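This report refers to the structure that appears directly beneath it.
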Amino acid sequence: MKYLSVLLVAGSLLTCCVTKKESTANTSLLFNGKNLDGWRFFKNKENNSWEVAADGSLHCKPFDGNEKRANLITVDQYENFELNWEWKISPQGNSGVMFRVTEEFDEPYLSGPEYQLLDDVGYPGKIEDWQKTAADYGMHTAPDAKPKPVGEWNSSKIIATGKHVEYWLNAAKVVEYEIGSEDWKKRKTTSKWNEAIGYGAARKGHICLQDHGGEVWFKNISIAKLP
């Protein structure tokens, strides 16, 4: 019986390891911490505002009037996926992560929904709830989101499977919606995206990191393709 118990335990461990391996089989790093391999600038615009920082993070420099600014997009396009990343923002910082972005319009936000990143406390002016961190920018608020203070690293996640989308912040799901649902259509018609005919329309597109003129850092960016 003792020998059988050892076999059962070993079998359980083997099953556990196989499951873990299978769950990460389709996961790949999008940023290698050394250079911008796998990325390019939206519509191939000129840019000097993005750099790899000394700590190996991806850094968008603050605005000083001399930069050639552009949004950063993945070379590859993705349909169904789980995207994970870590980020921190500067005082008064503003950025975002968009998905299923296409290049048929002038700006990436005219096609790709945006996971908002913001200094909710110190950003100047009046801030609407749909502008705050982890909101689906302009569409869905994230009232239970608990971002860490400015300068500290947060972890975020987007899960997109077909029309179903989830936003996570620091291990908590904070937004969930269905693209094209009656609720989604109503929100769109009463938002700034009302006349954006391509907003949320693409089934597949680029991941986009927004250069909004503020300072933001990204690291540990990974994506897992989903069925």
Side-chain angles (χ1 to χ4, degrees), residues 19-34 36 38-39 50-61 71-74 76 78 80-101 108-109 112-123 127 129-137 139-161 164-177 206-212 214-226:
T19 302
K20 183 177 181 180
K21 183 177 180 180
E22 288 174 348
S23 69
T24 58
N26 293 324
T27 302
S28 57
L29 284 175
L30 291 182
F31 172 59
N32 62 20
K34 299 177 181 179
L36 294 181
W39 296 85
W50 291 93
E51 65 176 0
V52 179
D55 65 356
S57 63
L58 180 56
H59 177 218
C60 186
K61 303 174 187 177
N71 295 286
L72 193 61
I73 64 173
T74 55
D76 293 335
Y78 302 92
N80 298 325
F81 60 84
E82 178 180 314
L83 175 71
N84 286 271
W85 75 96
E86 294 179 58
W87 61 276
K88 65 178 180 179
I89 206 159
S90 66
Q92 301 187 6
N94 185 352
S95 184
V97 176
M98 287 164 270
F99 64 97
R100 294 178 183 161
V101 165
Y109 52 73
E114 179 183 346
Y115 182 120
Q116 172 76 331
L117 308 178
L118 191 78
D119 173 9
D120 293 345
V121 177
Y123 196 76
I127 302 300
D129 287 342
W130 51 261
Q131 292 176 285
K132 293 180 179 179
T133 293
D136 176 33
Y137 182 81
M139 293 282 284
H140 300 85
T141 64
D144 297 324
K146 294 180 174 58
K148 295 181 180 179
V150 164
E152 294 187 20
W153 288 101
N154 294 267
S155 62
S156 289
K157 174 167 60 179
I158 297 173
I159 301 175
T161 52
H164 184 77
V165 180
E166 298 177 8
Y167 292 177
W168 292 66
L169 176 65
N170 297 325
K173 182 166 64 175
V174 293
V175 172
E176 187 170 12
Y177 60 92
H206 305 276
I207 304 299
C208 176
L209 307 183
Q210 187 182 49
D211 179 347
H212 203 281
E215 193 172 18
V216 61
W217 294 260
F218 298 89
K219 67 178 182 178
N220 295 329
I221 311 171
S222 67
I223 196 163
K225 295 181 180 179
L226 302 176

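Because the structure is predicted, anything quoted here is derived from the model rather than measured.
When atom types are taken as modelled, the side chain of S155 and the backbone of E86 share no donor-acceptor pair closer than 3.5 angstrom. A distance-only check finds no donor-acceptor pair linking the side chain of N154 to the backbone of K88 [under 3.5 Å]. The backbone N or O of P143 lies less than 3.5 Å from no partner atom in the side chain of D129, so there is not a single donor-acceptor pair. Proximity of a side-chain donor or acceptor of N220 to a complementary backbone N or O of W85 within less than 3.5 Å is not detected.
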Practice problem: I would like to know whether S57 and D55 meet side chain to side chain donor-acceptor pair (under 3.5 Å); could you show each step before the answer? | Solution: CA-CA 6 Å; S57 63; D55 65 356; 2.6 Å; yes
Would E176 and H164 satisfy side-chain contact (heavy atoms from CB on, under 4.5 Å), going step by step from the backbone distance to the final call? CA-CA 8 Å; E176 187 170 12; H164 184 77; 2.8 Å; yes
(request) Show your reasoning for whether side-chain contact (heavy atoms from CB on, under 4.5 Å) applies to L209 and V97. (result) CA-CA 5 Å; L209 307 183; V97 176; 3.9 Å; yes
Check the pair V165, D136 against side-chain contact (heavy atoms from CB on, under 4.5 Å), reporting the backbone distance first and the verdict last. CA-CA 10 Å; V165 180; D136 176 33; over 6 Å; no
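At a threshold of 4.5 Å between non-hydrogen side-chain atoms, the residues V52 and N32 do not count as touching. Within the 4.5 Å cutoff, no side-chain heavy atoms of K146 are placed close to those of N170. Under the 4.5 Å side-chain criterion, counting only non-hydrogen atoms from C-beta, L72 is not in contact with D211. P147 has its side chain within reach of L169: a pair of non-hydrogen atoms, C-beta onward, lies under 4.5 Å apart. Using a 4.5 Å heavy-atom threshold, the side chains of V216 and N94 count as separate.
Residues T133 and A145 share a closest heavy-atom pair of O-CB, 3.7 Å. T141 and A135 get closest at one heavy-atom pair: CA-CB, 4.2 Å. Of all non-hydrogen atoms in V175 and A134, the two that sit nearest each other are CG2-O, 3.4 Å. What you find for Q210 and N71 is that their closest heavy atoms are CA-OD1, 3.1 Å. When all heavy atoms of Q92 and G122 are compared, the closest pair comes out as CG-O, 3.3 Å. Contact record, P91 with V150: N-CG1, 3.4 Å, taken as the closest heavy-atom pair.
To the nearest 0.5 angstrom, L36 atom CG is 7.0 Å from F31 atom CZ. Annotation: the span from I127 atom CD1 to K132 atom NZ amounts to 8.5 Å, rounded to 0.5 Å. If you take CD1 on I89 and CH2 on W153, they are separated by 11.5 Å, rounding to the nearest 0.5 Å. Taken to the nearest 0.5 Å, the NZ atom of K219 stands 12.5 Å off from the CG atom of L58.
Put simply, the residue from L30, D76, T74, I158 that forms a side chain to side chain contact (heavy atoms under 4.5 Å, CB included) with I223 is L30. Exactly one residue among Y167, W130, F99 makes a ring-ring contact (aromatic ring centres under 6.0 Å, His included) with Y137. That residue is W130.
The aromatic rings of H140 and Y177 sit parallel to each other, their planes meeting at less than 30°, with 60° as the upper class boundary. Ring-plane geometry between W217 and H59 is classed as parallel, the angle between the planes falling under 30 degrees on a 0 to 90 degree scale with a further cut at 60.
Residues satisfying the side chain to side chain donor-acceptor pair (under 3.5 Å) criterion with E82, sequence neighbours excluded, are N84. Residues satisfying the ring pair (Phe, Tyr, Trp, His ring centres under 6.0 Å) criterion with W168, sequence neighbours excluded, are absent altogether. Residues meeting the side chain to side chain donor-acceptor pair (under 3.5 Å) test with D144, sequence neighbours left out: none.
Between W87 and Y115, the distance separating the two ring centers is not shorter than 6.0 angstrom.
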